[in-house]
Amino acid sequence: MSEELTTAAELFDAIGVKYEEAFGHRPVVEAALRELIDALPPSARVLDVGSGTGRPAAEKLAAAGHRVTGIDVSAEMVRIAREQVPGAEFVQVDVREWETSPGSWDAVCAFFSFVQLSRAETERVLRRIAGWLAPGGRFALVTVPADIEDLPIEFLGHAIRVTSFPTDALVDRVRAAGLEVTGTRTERFEPGKPGAEPEEHVLISARKPG
Ligand SMILES: C[S@@+](CC[C@H](N)C(=O)[O-])C[C@H]1O[C@@H](n2cnc3c(N)ncnc32)[C@H](O)[C@@H]1O
């Protein structure tokens, strides 16, 4: 195992397109995207937080005619996403620092983007996302649910530390941010590559009241 990579930018600059090779098809992500595409009005403004390689989220949402912006802290992921998904816009920025107009997004999705944040930072980012959504706007959150804080793990050959919540606790945090939770869906996922262990995935679907 390589030495510990402490930040998400360091980790994902090193992993690049290998992430998509290992985690390309995840049923819960596909379900989240179908749900969003079915619910959104034409040409909706969609923000993908931690947009990675741009696939599948930005690519599918843009192909459905939506105006997609992906934000990601990794310069390498943003470079790959711009190349792979010319129909969306990508910005290299940390979600903890990004500024956008309140109420200006019809949907926000965040797939596996918060595991290198502390619990307090995730709570703060959820409140920020709730503020960015327009009334009636949708939020789709996918993560690996677990009662872990700063746990050392190996991820695609890199040593990192991860933090998450059990599903119920995360649902509580989404509600506490001011969003109405409309459903959850859980599935076990087998990654396609060595170096990535089987894991549980949860989708929390929510909307902003109004
Ligand atoms: C596990 S990958 C998931 C990528 C994509 N959402 C997907 O599901 O295929 C997490 C992504 O979130 C980004 N990320 C992690 N922490 C972030 C932060 N604080 N701000 C913005 N992006 C972040 C990483 O650089 C990485 O590209």
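Indexing begins at 1, ligand by ligand and atom by atom, following the structure's order. Along the sequence shown, residues are numbered consecutively beginning with 1.
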What protein heavy atom sits nearest atom 5 (C) of ligand 1, and how far away is it?
Gly50 O, 3.3 Å
Parallel, tilted or perpendicular, judged at 30° and 60°: which one describes the rings of Phe23 and Phe155?
parallel
Atoms of ligand 1 less than 4.0 Å from Phe112 heavy atoms?
1 (C), 8 (O), 10 (C)
With a cutoff of 4.0 Å, is Leu11 in contact with ligand 1, counting heavy atoms of the residue only?
no
Is it true that the NZ or CZ of Arg207 lies under 6.0 Å from the centre of Phe139's six-membered ring and within 45 degrees of the ring axis?
no
Going by an N to O cut-off under 4.0 Å, is there a salt bridge joining Glu30 and Arg34?
no
Partner of Leu47 under side chain to side chain contact (heavy atoms under 4.5 Å, CB included), picked from Val108, Ile129, Val95, Thr100, is Val108
Salt-bridged, Glu99 to Arg128, with N to O below 4.0 Å?
yes
Provide the number and element of each atom of ligand 1 under 4.0 Å from a heavy atom of Phe111.
3 (C), 5 (C), 6 (N), 8 (O)
Less than 3.5 Å between some nitrogen or oxygen of Arg26 and one of ligand 1, yes or no?
yes
Do Val73 and ligand 1 have an N or O pair less than 3.5 Å apart?
yes
In terms of residue, atom name and distance, what is the protein heavy atom nearest to atom 27 (O) of ligand 1?
Asp72 OD2, 2.6 Å
Looking at ligand 1, would Val93 count as a contact under a 4.0 Å heavy-atom criterion?
yes
Any atoms of ligand 1 less than 4.0 Å from a non-hydrogen atom of Met77? List them with their elements.
27 (O)
Short list, please: which atoms of ligand 1 are under 4.0 Å from a heavy atom of Leu117?
19 (N)
Is it the case that the side chain of Thr163 and the backbone of Ser118 share a donor-acceptor pair, with hydrogens and angles ignored and the cut-off at 3.5 Å?
no
Can you tell me if Asp94 contacts ligand 1 (heavy atom of the residue under 4.0 Å from the ligand)?
yes
At their closest point, which heavy atom of Val85 faces which heavy atom of Phe90, and how far apart are they?
O-CE1, 3.5 Å
Are Arg96 and Val125 side-chain neighbours, meaning at least one heavy-atom pair lies under 4.5 Å?
yes
Quick check on contacts: which atoms of ligand 1 are under 4.0 angstrom from a heavy atom of Val95?
18 (C), 19 (N), 20 (N), 21 (C)
Side-chain ion pair, Glu20 and Lys18, N-O less than 4.0 Å
no
Taking heavy atoms and a distance under 4.0 Å, where does Phe114 meet ligand 1: side chain, backbone, both or neither?
neither
What closest approach, in Å, do Ala22 and Phe189 show between heavy atoms, and which atom pair accounts for it?
O-CZ, 4.3 Å
State the atoms of ligand 1, each with its element, that fall below the 4.0 Å cut-off from a heavy-atom position in Ala8.
15 (C), 16 (N)
Under 3.5 Å between some N or O of ligand 1 and some N or O of Asp48?
no
